[in-house]
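Working notes, structure below.
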There are 2 protein chains.
Amino acid sequence: MSSAAAPRSTSEGDAPRRLTARGRDRKKALLDFATARFAENGFHPTSVSDIVDGVGVGKGVFYWYFPSKDELLLEILREALHDLRKTQKEAIRDAEDPLQRLERGIRASLEWSATHPEVLRLTMFCWTEETFAKELRKGRRINIADTATHVQAGIDAGMIAPGDATMLATAIRGVTDELARSYAVGQRSLDDEVLNLAVRMCLHGIVG
Amino acid sequence: MSSAAAPRSTSEGDAPRRLTARGRDRKKALLDFATARFAENGFHPTSVSDIVDGVGVGKGVFYWYFPSKDELLLEILREALHDLRKTQKEAIRDAEDPLQRLERGIRASLEWSATHPEVLRLTMFCWTEETFAKELRKGRRINIADTATHVQAGIDAGMIAPGDATMLATAIRGVTDELARSYAVGQRSLDDEVLNLAVRMCLHGIVG
DNA sequence: GTCCTTCTTGACTGTTCGGTCAAGTTTTCT
DNA sequence: AGAAAACTTGACCGAACAGTCAAGAAGGAC
């Protein structure tokens, strides 16, 4: 116990850990490789050894950058949800009215999904274990709230038939999620036709 | 090698294994308990020992009724998909036109989901591992094909705007799946309001 | 009763896995 | 240069896990 400082993993509160350039590269390599393997093999069937072997480093490296395998997955998740939201916000920025905001948001969602199919697969797994589902619920709540804002604005502007904005937002998410999922699962390509269908289902289904 | 017959598990082809009344009860108990535990704890985190302990039997019992843990989950899955389809068929039987068939199918889907939330959770996990995803893809293909039949009939009868029936069926499944999922995940109750919303989104979104 | 099949037990096996650690190397800071 | 911090190694550990098996109990068929 009297030994050296032992900067053991991210301490309780959180000491974000200072990384050198080399460190940042390593961490990213681990993150990327793990994401790919988790998505194609499943989370549990992919061992920490698989990951470090794949990246070509010793096992200790893994635990230098991540406190645990679970925490790694949480980090992948958080980063993905954050990136998706950022993408949506950018896509919506210059829209002129609520309906256009909704349409662009829907398209941005699907396009993001098309470029991150591995994350979508991971997401499906995460819903099935509490540790990870908690994080997803948070993201979902935020996403639906964002959408509901625009739906409500549309209702107020008389562009959308009155109704429970949150529920309509949930249904919109349903259409986009499922179409994205069927792409992730490899049953359909995410082309313009699908994008247009999603928009048509959501908007013409709810526009008064 | 000269030992007794050794009726080892379900043999390659398949010898459905003759069960006594006691046997059938045991098997059902294992199936039910496992479904519940898998749904609340996750598949991998739930060990075979957890299951047999929960039911109060020795470990050998498990392997008398199931060749492996994976095979047990596949059996749960197959049974569930079969039951859902049967329920839908019954709900649709006396409908008068394609639109009514679609509406009743949608309602039946959601109602079935409401009474089998554990299965829905399991389903999400299954999409993430090939062994199980294969089974789900089959179920999904069948489900969408069923729905597409009615959509096509609606198009032919001039009740639905022309379009790719399969794609529309996919979107319909999207709405119902997501609403069901948000129920399974515990964010919303599956009341009449939700049922009506689903029908409204699907039908008024595609009716010409 | 006796024979045969179904069913049950629980200790055991071989393996794998997440995580640790003492020791060493490289980079950065001063 | 020298100290400190960041990084890396890979053998090692205890726990847990899916699956096996030799032995026997229960119950139906005759």
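The sequence lines fix the lettering, A, B, ..., with proteins before strands; numbering per chain opens at 1. These figures come from a predicted structure and were not determined experimentally.
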Let me know which of A:Thr131, A:Val119, A:Leu136, A:Ile76 forms a side chain to side chain contact (heavy atoms under 4.5 Å, CB included) with A:Cys126. A:Leu136
Here the distance between atom C1' of D:dG10 and atom OH of A:Tyr63, to the nearest Å, is 14 Å
Check whether any side-chain nitrogen or oxygen of A:Tyr65 sits under 4.0 Å from OP1 or OP2 of D:dT8, and answer yes or no. yes
Closer to the 5' end of DNA chain C via nearest nucleotide, is it A:His44 or B:Arg24? B:Arg24
Rounded to whole angstrom units, what separation is found between the CD atom of B:Glu71 and the C1' atom of D:dA18? 15 Å
Rounded to the Å, how far apart are B:Asp25 CG and C:dC7 P? 11 Å
Expressed in angstrom and rounded to an integer, what is the separation of B:Lys28 atom NZ from C:dC7 atom C1'? 20 Å
How many whole angstroms separate atom CZ of A:Phe66 from atom P of D:dT8? 12 Å
Angle class for the A:Phe62/A:Phe66 ring planes (parallel below 30°, perpendicular above 60°, tilted otherwise)? tilted
Upstream residue (5' side of DNA chain D) when A:Val57 and B:Phe43 are each assigned their closest nucleotide: A:Val57
Walk me through whether A:His44 and B:Phe43 qualify under ring pair (Phe, Tyr, Trp, His ring centres under 6.0 Å). CA-CA 10 Å; A:His44 289 291; B:Phe43 176 72; 9.1 Å; no
In whole angstrom, what separates B:Leu73's CG from D:dA18's C1'? 15 Å
Contact nearer the 5' end of DNA chain D, comparing A:Gly60 with B:Pro45: A:Gly60
Assign A:Gly23 to base, sugar-phosphate, or nothing according to its heavy-atom contacts below 4.0 angstrom with the strands shown. sugar-phosphate
Which one, C:dG18, D:dC7, D:dA18, comes nearest to the side chain of B:Ser47? D:dA18
How is B:Val61 classified with respect to the nucleic acid when contacts are heavy atoms under 4.0 Å: base, sugar-phosphate, or nothing? base
Quiz question: going by heavy-atom distance under 3.5 Å, is there a donor-acceptor pair between the base of D:dA18 and the side chain of B:Lys59? yes
Tell me: CG of A:Asp53 to C1' of D:dT9, nearest whole Å? 13 Å
Specify the separation, in whole Å, of atom CG of A:Asp70 and atom P of C:dC17. 15 Å
Within the structure, does a side-chain N or O atom of A:Trp64 lie under 4.0 Å from either OP1 or OP2 of D:dT8? no
I'd like to know if B:Lys86 and B:Glu90 make a salt bridge, using a cut-off of under 4.0 Å between side-chain N and carboxylate O. no
Ionic contact status for A:Glu96 with A:Arg104, cut-off 4.0 Å: no
Of all the nucleotides listed (D:dC17, D:dC7, C:dG18), which has the minimum atom distance to the side chain of A:Lys69? C:dG18
So, is B:Thr20 close to the D:dG27 phosphate, meaning a side-chain N or O under 4.0 Å from OP1 or OP2? no
Distance check: side-chain N/O of B:Arg26 vs OP1/OP2 of C:dC7, anything under 4.0 Å? no
Whether A:Arg22 contacts D:dT8 is assessed here as follows: a side-chain N or O lying under 4.0 Å from the phosphate OP1 or OP2. Is that the case? yes
Do you know which two heavy atoms are closest between A:Ala148 and A:Ala169, and how far apart they sit? N-CB, 3.7 Å
